[in-house]
Amino acid sequence: MTKRRAFLKNTFLGGLGVVAASCKGMAKNHSVSSNPGDKPIVISTWNHGQVANNKSWEILRAGGSALDAVEAGVRLVESDPEGSSVGLGGLPDRDGNVTLDACIMNHKNECGGVAFLQNIEHPVSVARKVMEETPHVLLVGEGARQFAIQQGFKERSLLTKKSEQAWLAWKKESRYEPIINIENHDTIGSIALDKNGNLSGACTTSGLAYKMHGRVGDSPLIGSGLFVDNEVGAACATGLGEAIIRVAGSAIIVEMMRHGMSPQEACEEACKRVIQKHEDVSNLQVAFIALSKTGEYGTASLHKGFNMALRTDKLDTMQEAAFQLG
Ligand code: SD4
């Protein structure tokens, strides 16, 4: 750790009334970490993050921008009909509608998002259009759909036979009980640092399966599902959106990094914050990934089971997150 980082970290933690030692040893497994100076680099959530990373890597290796890389990467996952929590084939809400949330943010703090969007396969690209073509940050529902059509996106049904059958089976009992880590393919969040040293991120999801109609999670919300500050670093979240929003998960990670924490320490501290703010976390999963301006990375979750895909010039691998609860 640099002297400056150590000084900033201790000052910041002191201000919070937290001792620096509390960051150490709180995770139940080893800390993943860091690789300063290794760029380009891309990190993404869950196993399907490797699919996204491979696409992003083609762009990054050729000298392309982090923004183009993360968009292209997560689009592949949006189009995979086997993925039950993103785009095509995503499990619907409790009334049988597939509703999508996504956002994107670049190295200039420009950002765009869509929420509660239906019948458009690539919400992340609509989010990018919101960022680039409108004076706004977030469009929702019917307005977002109309905007997408104006921008040339085609409508299609995103409910597949498989996701419809799963919904019909769920409807027999209609029990609304989100359960953690049932399947390892969830929201895709991706963060990249390109050859020019610029950071960007993207996040896209169909949200919680069988949610209330109209429910929006953290994934389209800048500061919750995703945050990028090119001077410092970027973070992205997955898991129960309501819990992530309550602590502004991605924004606080970037702020903690600004004040001297490593991406790993900041992700762990954000998990700790979620635990502090909830009475019962036994059935609540939240996970974060983070990347610094210098190419250090980290990942942490509340419960065991979350993993992050990592791609650099030397590495193409999955990393288990450090988890807080046994
Ligand atoms: C949401 N955060 O809509 C998303 C879902 C998710 O792992 O990431 N699940 O709350």
Side-chain angles (χ1 to χ4, degrees), residues 43-49 52 70 74 77-78 80 83-87 89-94 97-105 113-118 123-124 127 138 140-141 144 158 163 166 176-191 201-227 235-253 267 270-271 274 277-278 281 283-290 299-309 320-321 323:
I43 58 173
S44 301
T45 55
W46 303 104
N47 287 342
H48 58 191
V70 291
V74 304
V77 181
E78 288 180 334
D80 178 4
S84 62
S85 45
V86 181
L91 289 169
D93 65 17
R94 64 188 188 185
N97 309 290
V98 182
T99 71
L100 305 175
D101 297 339
C103 72
I104 197 160
M105 189 163 189
V114 289
F116 191 49
L117 174 65
Q118 296 181 56
V124 73
L138 184 61
V140 307
L158 300 173
S163 57
Y176 186 65
E177 286 178 353
I179 302 172
I180 51 175
N181 290 339
I182 288 186
E183 293 162 330
N184 194 322
H185 40 79
D186 232 296
T187 294
I188 177 84
S190 195
I191 306 168
C203 187
T204 175
T205 190
S206 52
L208 293 184
Y210 319 127
K211 60 197 173 184
M212 288 176 66
H213 188 57
R215 181 266 186 189
V216 169
D218 60 304
S219 305
L221 304 181
I222 297 296
S224 291
L226 173 70
F227 197 69
C236 193
T238 179
L240 187 70
E242 284 75 2
I244 297 161
I245 294 168
R246 283 177 76 177
V247 302
S250 295
I252 60 168
I253 289 172
C267 287
C271 288
V274 172
K277 300 295 178 189
H278 292 81
V281 291
N283 196 26
L284 190 169
Q285 176 66 312
V286 163
F288 298 104
I289 62 173
T299 180
S301 59
L302 263 57
H303 295 271
K304 188 173 169 37
F306 173 70
N307 54 5
M308 172 185 88
E320 290 295 321
F323 57 94

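Residue numbers run from 1 in the order of the sequence given. Whatever order the structure lists them in is the order used to number ligands and atoms, beginning at 1.
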Sequence neighbours left out, what passes side-chain contact (heavy atoms from CB on, under 4.5 Å) with A144? Give chain and number order.
V114, L117, L139

Does any donor atom in the side chain of H48 or D80 lie under 3.5 Å from an acceptor atom in the other side chain?
no

Enumerate the pairs of nitrogen or oxygen atoms, one from ligand 1 and one from the protein, separated by less than 3.5 angstrom; state names and distance to 0.1 Å.
unit_1: ligand 1; atom_1: 2 (N); unit_2: D218; atom_2: OD1; d: 2.6
unit_1: ligand 1; atom_1: 2 (N); unit_2: G239; atom_2: O; d: 2.7
unit_1: ligand 1; atom_1: 3 (O); unit_2: R215; atom_2: NH1; d: 2.7
unit_1: ligand 1; atom_1: 7 (O); unit_2: D186; atom_2: OD1; d: 2.4
unit_1: ligand 1; atom_1: 7 (O); unit_2: D186; atom_2: OD2; d: 3.4
unit_1: ligand 1; atom_1: 7 (O); unit_2: T238; atom_2: OG1; d: 2.9
unit_1: ligand 1; atom_1: 7 (O); unit_2: G239; atom_2: N; d: 3.0
unit_1: ligand 1; atom_1: 8 (O); unit_2: T187; atom_2: OG1; d: 2.5
unit_1: ligand 1; atom_1: 8 (O); unit_2: T238; atom_2: OG1; d: 2.8
unit_1: ligand 1; atom_1: 8 (O); unit_2: G239; atom_2: N; d: 2.9
unit_1: ligand 1; atom_1: 8 (O); unit_2: G239; atom_2: O; d: 3.4
unit_1: ligand 1; atom_1: 9 (N); unit_2: D186; atom_2: OD1; d: 2.5
unit_1: ligand 1; atom_1: 10 (O); unit_2: R215; atom_2: NH1; d: 3.4
unit_1: ligand 1; atom_1: 10 (O); unit_2: R215; atom_2: NH2; d: 2.8
unit_1: ligand 1; atom_1: 10 (O); unit_2: D218; atom_2: OD1; d: 3.4
unit_1: ligand 1; atom_1: 10 (O); unit_2: G239; atom_2: O; d: 3.4
unit_1: ligand 1; atom_1: 10 (O); unit_2: G241; atom_2: N; d: 2.8

For A209, which residues count as a side-chain contact (heavy atoms from CB on, under 4.5 Å) partner, sequence neighbours excluded?
L91

Any Lys/Arg nitrogen of E242 or R215 sitting under 4.0 Å from an Asp/Glu carboxylate oxygen of the other?
yes

Please name all residues satisfying side-chain contact (heavy atoms from CB on, under 4.5 Å) with S301, sequence neighbours left out, ordered by chain then number.
Q285, A287, F306, A321, F323

Pair T99, Q118: side-chain N/O donor-acceptor within cut-off below 3.5 Å
no

